[in-house]
**Q** 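Please find one structure pasted underneath; my questions will follow.
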Amino acid sequence: MLEIKNLHANIDGKEILKGVNLTIPTGEIHAIMGPNGSGKSTLSNVITGHPAYEVTQGSITYNGKDLLEMEPYERAHAGILMSFQYPVEIPGVTMVNFLRTALNARRAAQGQQPLSASEFLKLIREKQKIVEMASEFSSRHVNVGFSGGEKKRNEIFQMLVLQPTLAVLDETDSGLDVDALRIVAQGINTMRGKDFSAIIITHYQRLLELAKPNYVHVLLGGKIVKSGGPDLALELDKKGYDWIKEEAES
């Protein structure tokens with residue numbers, strides 16, 4: 001589904017990614033871990049097309065297409081969704097209008113008919129149950145007045161409604177209590193299937209205990225320096241990153 005080769009990228013003239021290589025097959029969930037400043041959020045922003053980041057070398061192929069030639073909205077229409085580390089507030093725009101517009105825009109881009117109002121309301125009620133979100137959230141403005149945990153659950157709710165083929169989850173677990181973490185993992189696990197892949201960017205092993213990834217990658221100094229199974233996250237949780245640094249330097 002996603003293939004990244006020798007990716008270099010910078011922001012404001014500072015190189016952050018220095019040769020990332022990563023392949024995400026269809027139907028797999030991969031986790032990316034690493035210390036602060038290693039390039040995790042930069043990688044997610046480059047995949048989704050943030051205009052502040054400049055790709056200077058390398059390629060990203062998504063379902064056989066050159067992702068770097070696509071505008072951000074084209075990437076969204078193609079099925080890529082990003083869950084933000086710091087979800088933004090959108091005053092004046094209700095959740096129901098925001099999601100219905102986004103979903104029908106993607107359906108139109110794929111040659112599908114828009115959902116009727118009744119079909120859409122049935123859909124969001126179904127997805128709200130999964131993330132244990134009260135129905136009145138749909139009438140509130142996007143993230144306005146939401147707690148940190150509510151914003152993160154709202155990101156997962158959007159994923160469930162929009163049904164992406166690739167979700168990039170940038171530290172969706174940060175700042176969550178045990179119950180909110182369980183709900184976020186429940187949403188990710190609901191999406192699992194042959195047509196869905198995800199990149200979970202996290203500092204912590206606790207989310208990965210619930211939403212078990214197929215592979216864990218360590219991003220360090222702008223490169224992926226180690227990959228392994230879920231047990232790698234446990235090892236990092238116990239030992240930190242110093243041993244990875246020593247391996248990479250040797």
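Quick caveat: nothing in here was measured; it's all calculated off a predicted structure.
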**Q** Are any of the side-chain heavy atoms of Val96 and Ile124 separated by less than 4.5 Å?
**A**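 Yes. Closest side-chain heavy atoms under 4.5 Å.
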**Q** Can you name the nearest heavy-atom pair linking Leu176 to Gly149, along with the distance?
**A**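 Minimum heavy-atom contact is CD2-CA, 3.7 Å.
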**Q** Which heavy atom of Ile199 sits nearest to which heavy atom of Leu2, and what is that distance?
**A**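 Looks like CD1-CD2, 3.9 Å.
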**Q** So Ile156 and Arg153, side-chain contact (heavy atoms from CB on, under 4.5 Å) or not? Walk me through it.
**A** CA-CA 5 Å; Ile156 299 301; Arg153 276 196 287 163; 5.7 Å; no
**Q** Which atom pair, heavy atoms only, marks the closest approach of Ser197 to Pro25?
**A**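 Closest heavy-atom pair between Ser197 and Pro25: OG-O, 2.9 Å.
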**Q** For the residue pair Thr202 and Glu171, establish whether any side-chain heavy-atom pair is separated by less than 4.5 Å.
**A**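 They are not in contact (no side-chain heavy atoms under 4.5 Å apart), so the answer is no.
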**Q** Will you find, in the side chains of Gln128 and Ser138, an N or O donor that is under 3.5 Å from an N or O acceptor?
**A**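 Side chains of Gln128 and Ser138: pair found under 3.5 Å.
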**Q** Sorted by first residue and then second, give each side-chain hydrogen bond (donor to acceptor under 3.5 Å, both in side chains) pair with at least one member in residues 58-78; sequence neighbours left out.
**A**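 Every pair satisfying side-chain hydrogen bond (donor to acceptor under 3.5 Å, both in side chains) with a residue in residues 58-78: Tyr62-Thr165.
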**Q** Is there a donor-acceptor contact under 3.5 Å linking the side chains of Asn10 and His8?
**A**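 Absent: no donor and acceptor within the cut-off.
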**Q** Minimum heavy-atom separation for Glu150 and Ser147, please, with both atom names.
**A**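 Looks like OE1-N, 2.8 Å.
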**Q** State whether Lys151 and Glu89 are salt-bridged, where the test is any N-O pair (Lys NZ or Arg NE/NH1/NH2 against Asp/Glu carboxylate O) under 4.0 Å.
**A**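 Yes.
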**Q** How long is the gap from OH on Tyr241 to CD on Glu246, to the nearest 0.5 Å?
**A**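 With rounding to 0.5 Å, OH (Tyr241) is 15.0 Å from CD (Glu246).
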**Q** Do Leu181 and Arg206 touch side chain to side chain, with heavy atoms closer than 4.5 Å?
**A**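 Answer yes - side chains close enough.
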**Q** Would you say the side chain of Thr94 lies within less than 4.5 Å of the side chain of Val142, judging by non-hydrogen atoms?
**A**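 Not in contact.
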**Q** Kindly say whether Ser135 contributes a backbone atom to a donor-acceptor pair with the side chain of Arg125 at under 3.5 angstrom?
**A**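 It does not hold such a pair.
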**Q** Is Val161 reachable from Phe84 through a run of hydrophobic residues whose side-chain heavy atoms are each under 4.5 Å from the next?
**A**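 No, no single cluster joins them.
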**Q** Mark yes or no for whether Asp177, through its side chain, and Ala180, through its backbone, hold a donor-acceptor pair below 3.5 Å.
**A**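 Flag set: sc Asp177 to bb Ala180 pair under 3.5 Å.
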**Q** Pairing donors with acceptors under 3.5 angstrom, does anything connect the side chains of Asn97 and Arg100?
**A**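 Their side chains do not contain a donor-acceptor pair, so the 3.5 Å distance test is not met.
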**Q** Do you reckon Leu162 sits in the same ILVMFWY cluster as Leu115, going by side-chain contacts under 4.5 Å, direct or chained?
**A**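 Linked, Leu162 and Leu115 end up in one cluster.
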**Q** Just by distance, do the side chain of Gln186 and the backbone of Ile130 share a donor-acceptor pair under 3.5 Å?
**A**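 Yes, Gln186 side chain to Ile130 backbone: donor-acceptor pair under 3.5 Å.
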**Q** Do Glu209 and Arg182 sit within salt-bridge range, that is, some charged N less than 4.0 Å from a carboxylate O?
**A**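 Not counted as a salt bridge, because no side-chain N and carboxylate O are separated by less than 4.0 Å.
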**Q** Is it the case that the side chain of Asn45 and the backbone of Ser41 share a donor-acceptor pair, with hydrogens and angles ignored and the cut-off at 3.5 Å?
**A**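 Yes: the side chain of Asn45 pairs with the backbone of Ser41.
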**Q** As an exercise, state the distance from CD1 of Ile201 to CD1 of Ile32, rounded to the nearest 0.5 Å.
**A**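 That separation rounds to 5.5 Å.
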**Q** Taking atom OH of Tyr204 as the centre, report whether more than 12 heavy atoms of other residues, nucleotides or ligands fall under 6.0 Å from it.
**A**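 Atom OH in Tyr204 is not packed in, count stays at 12 or less.
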**Q** Does the pair Leu81 and Leu166 meet the rule for a side-chain contact (heavy atoms from CB on, under 4.5 Å), with working shown?
**A** CA-CA 6 Å; Leu81 176 143; Leu166 174 67; over 6 Å; no
**Q** For Glu132 and Ile183: C-alpha separation, side-chain torsions, deciding distance, then whether side-chain contact (heavy atoms from CB on, under 4.5 Å) applies.
**A** CA-CA 7 Å; Glu132 301 178 21; Ile183 293 168; 3.6 Å; yes
**Q** Over all heavy atoms of both residues, which pair between Pro230 and Pro213 is shortest? Give the atoms and the distance, please.
**A**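 Where Pro230 meets Pro213 most closely, the heavy atoms are CG-O, 3.2 Å.
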**Q** May I ask you to test the Ile200-Leu208 pair for a side-chain heavy-atom distance under 4.5 Å?
**A**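 The answer is yes, as the side chains (C-beta and beyond) meet within the 4.5 Å cut-off.
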**Q** Is the backbone N or O of Lys152 less than 3.5 Å from a side-chain atom of Glu155, with the two atoms forming a donor-acceptor pair by type?
**A**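 Side chain of Glu155 to backbone of Lys152, a donor-acceptor pair under 3.5 Å: no, none is there.
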**Q** To the nearest 0.5 Å, what is the distance between OH on Tyr86 and CG on Asn143?
**A**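 Tyr86 atom OH to Asn143 atom CG measures 14.5 Å (nearest 0.5 Å).
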**Q** Counting heavy atoms not belonging to Lys194, are there more than 12 under 6.0 Å from its NZ?
**A**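 No - once you tally the heavy atoms of other residues, nucleotides and ligands closer than 6.0 Å, there are 12 at most.
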**Q** So, taking the atom named CG in Asp237 and the one named NZ in Lys239, what distance separates them when rounded to the nearest 0.5 Å?
**A**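 Rounded to the nearest 0.5 Å, the CG-NZ separation comes to 12.5 Å.
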**Q** Got a list of side-chain donor-acceptor pairs under 3.5 Å for residues 216-229, not counting sequence neighbours?
**A**
{"from": "His217", "atom 1": "ND1", "to": "Ser227", "atom 2": "OG", "distance (Å)": "2.7"}
{"from": "His217", "atom 1": "NE2", "to": "His30", "atom 2": "ND1", "distance (Å)": "2.8"}
{"from": "Lys226", "atom 1": "NZ", "to": "Glu247", "atom 2": "OE1", "distance (Å)": "3.4"}

**Q** Taking Arg107 for its side chain and Gln113 for its backbone only, find out whether a donor-acceptor pair lies under 3.5 Å.
**A**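 Yes, because the side chain of Arg107 sits within donor-acceptor range (under 3.5 Å) of the backbone of Gln113.
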**Q** Taking the side chain as everything from C-beta on, heavy atoms only, tell me whether Thr23 gets closer than 4.5 Å to Met1.
**A**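 Counting from C-beta outward, Thr23 and Met1 never come under 4.5 Å.
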**Q** Can you tell me if Arg140 uses its side chain to pair, donor with acceptor, with the backbone of Gly145 under 3.5 Å?
**A**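 Present.
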**Q** Are the side chains of Leu7 and Gln57 in touch, meaning some heavy atoms are under 4.5 Å apart?
**A**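 Sidechains of Gln57 and Leu7: no contact.
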**Q** Taking NZ, NE, NH1 and NH2 as the nitrogens, is one of them in Glu3 or Lys5 under 4.0 Å from a carboxylate oxygen of the other?
**A**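 Between Lys5 and Glu3 there is a salt bridge, with a charged N closer than 4.0 Å to a carboxylate O.
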**Q** Is it the case that Glu136 and Ser139 place a side-chain donor and acceptor less than 3.5 Å from each other?
**A**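 Side chains of Glu136 and Ser139: no pair found under 3.5 Å.
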**Q** Grab the two heavy atoms, one from Val168 and one from Ser44, that are nearest each other, plus how far apart they are.
**A**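 That would be CG1-CB, 3.4 Å.
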**Q** I'd like to know if the side chain of Thr48 and the backbone of Met82 have a donor-acceptor N/O pair within less than 3.5 Å.
**A**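 Not a single qualifying donor-acceptor pair exists.
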**Q** Tell me, with the steps shown, if Gln205 and Leu236 meet side-chain contact (heavy atoms from CB on, under 4.5 Å).
**A** CA-CA 8 Å; Gln205 194 269 337; Leu236 293 169; over 6 Å; no
**Q** Should Val93 and Leu99 be counted in the same cluster of Ile, Leu, Val, Met, Phe, Trp and Tyr side chains packed under 4.5 Å apart?
**A**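 Yes, it is one cluster - the side chains of Val93 and Leu99 are joined through contacts under 4.5 Å.
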**Q** Evaluate the side-chain hydrogen bond (donor to acceptor under 3.5 Å, both in side chains) criterion for residues Ser83 and Thr172: first the C-alpha distance (whole Å), next the side-chain angles of each, then the deciding distance (0.1 Å), finally the verdict.
**A** CA-CA 7 Å; Ser83 171; Thr172 306; 3.0 Å; yes
**Q** For Asn36 and His203, run side-chain hydrogen bond (donor to acceptor under 3.5 Å, both in side chains): C-alpha distance rounded to whole Å, both residues' side-chain angles, the deciding distance at 0.1 Å, then the answer.
**A** CA-CA 9 Å; Asn36 289 330; His203 281 291; 2.9 Å; yes
**Q** For Asn21 and Asn6, which I'm curious about, is there any donor-acceptor pair between the side chains at under 3.5 Å?
**A**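 Asn6 and Asn21 do not have a side-chain donor-acceptor pair below 3.5 Å.
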**Q** May I ask you to check whether Thr190 and Lys127 show a side-chain donor-acceptor distance below 3.5 Å?
**A**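 No.
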**Q** Any chance you could measure Gln163, atom CD, to Phe196, atom CZ, to the nearest 0.5 Å?
**A**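 The CZ atom of Phe196 is 8.5 Å from CD of Gln163, to the nearest 0.5 Å.
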**Q** Leu67 versus Ile47: any side-chain heavy-atom pair under 4.5 Å?
**A**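 Yes; the side chains approach each other to less than 4.5 Å.
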**Q** Could you tell me whether the side chain of Glu126 and the main chain of Leu123 form a donor-acceptor pair under 3.5 Å?
**A**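 Not confirmed, Glu126 side chain does not pair with Leu123 backbone.
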**Q** Report the distance from atom CG of Leu207 to atom CD1 of Ile188, rounding to the nearest 0.5 Å.
**A**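 The CG atom of Leu207 sits 5.0 Å away from the CD1 atom of Ile188.
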**Q** Using the benzene-type ring in the case of Trp, are the ring centres of Phe157 and Phe137 under 6.0 Å apart?
**A**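 No, ring centres 6.0 Å or more apart.
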**Q** When hydrophobic residues are tied together by side-chain contacts of less than 4.5 Å, even through go-betweens, does Met191 share a cluster with Val184?
**A**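 Same cluster.
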**Q** Lys40 side chain to Gly34 main-chain N or O, any donor-acceptor pair under 3.5 Å?
**A**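 Between the backbone of Gly34 and the side chain of Lys40 there is a qualifying donor-acceptor contact (under 3.5 Å).
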**Q** Tell me whether Tyr215 shares a hydrophobic cluster with Ile244, the cluster being built from Ile, Leu, Val, Met, Phe, Trp, Tyr side chains joined at under 4.5 Å.
**A**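 Tyr215 does not cluster with Ile244.
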